*Asks:* 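So that we are looking at the same thing, I have put the structure below in structure tokens.
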Amino acid sequence: GGSETSGSGGASEDGTYTFKVSHVVQESHIWHKTAEKFDGELQAASDGRMSLEIYPASQLGLEQDMVQQMESGSIDFGFLTNAYMSTREDSLNAWFMPFLFSDLAEAAEMRNSEEAREMLASLESQGLVGLDFGFAGNRHILLKEGFVQSPEDIKGKKVRIIGSPAFQSFWDKTSAGPTAMPLSEVYTSLQTGVIDGMDIDLDALVTEKYYENAEYLTLTNHATFPTVIAMSKQVFDGLSDEDQEIIQTSLEKAVDWGVEEAIQREETNLEKLKEEGVLVKELDGSAFEDVSNEVRDEFSAESEIIKNFIETAE
Amino acid sequence: MKFIENVSELVYKIEKGIVAFLCSIILISLTLGVIFRYVLSAPLTWPNETAIFSLAWLTFVGGSMTIKTSTAPTIDIIVENLRGRLKHVINVIGYLLMFLFVSYIFYLSINWLSSPNILIQRSGSMELPMIIPYLSIPVSFLFMLIHVLELLLHSIFPNKEVE
Amino acid sequence: MAITITAFIVLLLIKIPIALVLGMTTVIYIWVTGNIGILTTLPQRLYSGMENYGLLAIPLFMLAGELMNSGGLTKRLVGFAQTVVGHFRGGLAYVNILANMMLASIIGSASAQIAMMSRTMVPAMEKEGYSRDFSTATTASAGLLGPIIPPSMLFIIYGVGSGVSIGEMFLAGVLPGILLSLTFIILIALIGMKQKWPTHDRAKIMEVARSFTTVIPALLVPLIIIVGVISGAFTPTESAAIASVVALISGFFFYREIKLKDTPSILVNTAKTTAMITLLIAMANIFGWMLSFEQVPQTIASWMASLTENPLIFLLLVNLFLLFVGMFMDGIAALVILIPIFTPLLVTYGIDPIHFGVIMCINLAAGLLTPPVGSGIYIASSLANISIGQLTRAILPFLLVTYVVLVILTYVPDIVLWLPAVIGE
Ligand code: NA
Ligand code: NA
């Protein structure tokens with residue numbers, strides 16, 4: 001933040017900065033790699049004046065804590081999941097509109113859309129400067145038994161989902177039984193039938209080995225899963241125009257790299273999963289048209305940005 | 001002195017009612033969660049959040065009760081082996097520091113909840129306003145403040161209760 | 001940092017509740033570093049420490065324990081154990097261990113179990129001619145099974161703090177719990193051979209049958225918990241809820257010992273014992289954040305790495321450290337403070353976090369029985385009305401075998417990890 005103590009971020013007399021970056025994923029995750037890349041770009045562009053201290057895996061707190069610490073300027077940057085931020089800013093639900101993108105590359109293209117810029121700008125009232133969106137893999141469905149070709153196939157199945165308004169709405173409408181559950185219990189719960197499946201991205205599937213207990217993977221691409229990369233407004237406003245510029249361009253380069261990397265990973269992860277014997281099938285989303293239209297209408301009514309976002313994406 | 005004692009006792013009674021209620025809510029909501037998932041095969045989404053919010057309230061209100069009854073874990077090996085005046089002075093200092101700390105957290109929590117960004121926050125599945133669980137902090141720290149003040153006054157004037 | 005550490009120690013020693021000390025130390029740290037802006041986020045962090053599904057198991061297992069007691073279930077379990085193994089030489093001592101094992105599969109805390117059993121087992125053993133010292137020592141030591149045989153408050157807290165599955169922690173505790181029970185039984189047999197203890201008449205087969213039929217509802221509770229945990233049909237939190245409901249129904253309808261008017265005090269007691277732990281966890285959440293902010297774990301990690309690269313030596317050092325901490329600090333308090341410091345080091349040494357968690361929890365539980373600070377010995381000695389000194393002497397052999405078991409578990413991780421792995425197939 002804005003203080004001058006050694007090692008805790010912020011400015012010193014000679015205009016050098018060590019910024020604190022916080023996020024909630026493990027060090028192997030693409031978001032962490034993106035943060036590291038950002039550090040490199042920043043150091044290069046500022047001749048070593050600016051660098052990052054990265055705190056992974058919620059070390060500095062959960063997301064609600066991160067936002068508050070950014071508001072007060074004690075953390076400088078945060079990689080916040082869009083799922084959490086959508087409980088604070090409605091328009092962010094746009095990314096979760098069902099079956100809007102057929103793959104990750106399509107989703108990532110929307111990063112530079114006008115609507116995405118508007119979403120980022122809307123965070124200002126919360127003391128955040130929304131800088132960019134990063135991506136993890138798209139969401140797919142993993143089941144213990146059978147593939148998903150229509151809502152019928154998941155009727156009454158207990159599916160672990162992410163706690164977010166849009167995911168909740170989608171899953172409620174499919175007539176599956178959406179269940180919120182901490183990730184640490186998912187592996188055993190799949191194994192013992194406490195749940196029948198989960199809403200998941202391929203990266204997590206590979207690292208957490210859930211396929212050992214559930215081997216039917218339907219590639220649904222029913223939603224994408226971005227991170228909102230934001231900076232503390234208080235800290236940002238305290239920087240010179242030139243430094244603000246350095247930060248923005250360095251981050252953009254890092255995220256460009258991270259998005260490409262995430263798209264690559266989507267492919268390599270799929271290869272790995274097939275090697276592990278996971279049964280994979282793609283979904284033709286037309287059977288879900290009614291459900292997804294209902295969700296899209298519901299959220300379009302709440303936010304003009306979502307409505308436009310859907311139109312642009314289509 | 002008598003007044004603060006009475007207030008503290010009254011608060012304690014209220015706290016008892018609150019925690020007994022919360023405990024029942026935790027049990028009932030999670031049991032319903034299991035029944036709906038297993039027996040009726042229709043998982044509910046509200047039990048987990050309801051139970052977690054109840055636990056937060058239970059923790060801080062119950063925590064205030066453990067301060068009141070001096071049952072919160074402490075390291076008492078040193079103080080218990082002291083005698084007379086020194087022990088008395090250390091007790092008073094201890095309660096004074098506790099009083100300052102609890103007041104400070106109370107003050108910070110009021111500041112925290114007055115921020116406009118609190119009201120926009122909603123929970124992930126029930127979309128309940130987060131101010132409802134958040135209020136557990138200022139409310140229970142206010143309760144704790146009353147109890148600690150009573151303990152502090154009691155430690156400064158230990159003879160008053162004999163009168 | 002020196003000011004912060006000094007403040008932490010002084011505040012602890014002047015008998016301020018440990019939970020509040022954690023919060024105060026964090027505030028002092030922030031003042032000293034001048035990063036005042038962070039203070040505004042403290043209440044938020046205090047709250048978010050509680051946003052954890054796993055923590056819900058704590059009030060529910062507490063409630064199950066309270067209901068077992070007031071519902072007369074505990075009494076029946078002890079009676080049943082007596083009809084089964086009471087006739088051996090030293091029978092009542094074995095009954096003590098067996099009843100504690102059964103109780104341990106319902107109750108998650110050693111202090112709770114010691115308090116419960118000291119009232120029933122010590123007078124019973126004394127009446128049959130065992131010395132009071134030995135009776136109290138046996139009861140207090142067997143109470144250690146409480147947090148080792150699932151369910152376990154310590155394992156829940158470790159799971160929540162380290163991100164390890166609580167269900168797997170529970171499974172990992174089963175074999176170590178049985179191993180510890182067996183070593184206690186062997187120890188009792190050895191002492192018994194020397195001391196020519198009384199034997200009890202063998203219970204008639206009809207008595208065993210009758211005792212068994214009355215104990216069935218009481219046995220249901222541990223059965224549900226164990227089966228729930230092993231089969232994974234319920235999450236640990238859910239099995240705690242179901243166990244409470246079964247205990248409530250048995251106490252209410254079968255044994256008719258719970259009256260409607262008792263329920264408020266059962267609920268209030270549960271809430272208070274829960275809050276003692278969870279308030280500590282909430283405060284430790286801001287304390288742990290201070291440690292991360294200051295990169296304390298990384299500093300300790302690099303210091304440890306410079307001392308040794310051998311995981312076995314590392315574990316030995318950790319065990320000695322925990323033994324020392326356990327002498328002065330309550331196990332749960334020590335656990336919540338130390339988890340964020342130790343768990344980041346495990347990757348470096350390639351130690352399984354479940355293995356480490358079990359060792360850490362058993363070690364800190366044993367601290368309840370080590371002087372000068374040990375709530376277990378205080379509870380037992382005051383309930384049995386013997387001096388701390390007497391009890392400490394009598395308990396020493398039990399403590400020694402506990403540490404032997406701990407060494408075995410440290411060097412043979414399979415005893416801990418085998419069951420979770422087999423069930424995980
Ligand atoms: Na137990
Ligand atoms: Na001790």
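Every chain is numbered from 1 and lettered A, B, ... according to where its sequence line falls, protein lines coming before strand lines. Not measured: the values here are computed from a predicted model.
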*Asks:* Tell me whether K272(A) forms a cation-pi arrangement with Y211(A), defined as NZ or CZ under 6.0 Å from the six-membered ring centre and within 45 degrees of its axis.
*Replies:* no
*Asks:* Do you know which of G167(C), P236(C), S292(C) has the most heavy-atom pairs under 4.5 Å to chain A?
*Replies:* S292(C)
*Asks:* Mark yes or no for whether E238(C), through its side chain, and T235(C), through its backbone, hold a donor-acceptor pair below 3.5 Å.
*Replies:*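 Such a contact is found between E238(C) side chain and T235(C) backbone.
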*Asks:* List the residues meeting salt bridge (charged side-chain N to carboxylate O under 4.0 Å, His left out) with R139(A), not counting sequence neighbours, and say none if there are none.
*Replies:* D199(A), D201(A)
*Asks:* Determine which pairs satisfy salt bridge (charged side-chain N to carboxylate O under 4.0 Å, His left out) with at least one residue from residues 41-50 of chain C, sequence neighbours left out, and list them in order.
*Replies:* D65(A)-R45(C)
*Asks:* At a 4.5 Å cut-off on heavy atoms, which part of Q295(C) comes close to chain A: side chain, backbone, both, or neither?
*Replies:*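 Contact with chain A involves the side chain of Q295(C) alone.
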*Asks:* Given heavy-atom pairs under 4.5 angstrom as the criterion, report whether the side chain, backbone, both or neither of I166(C) touches chain A.
*Replies:* both
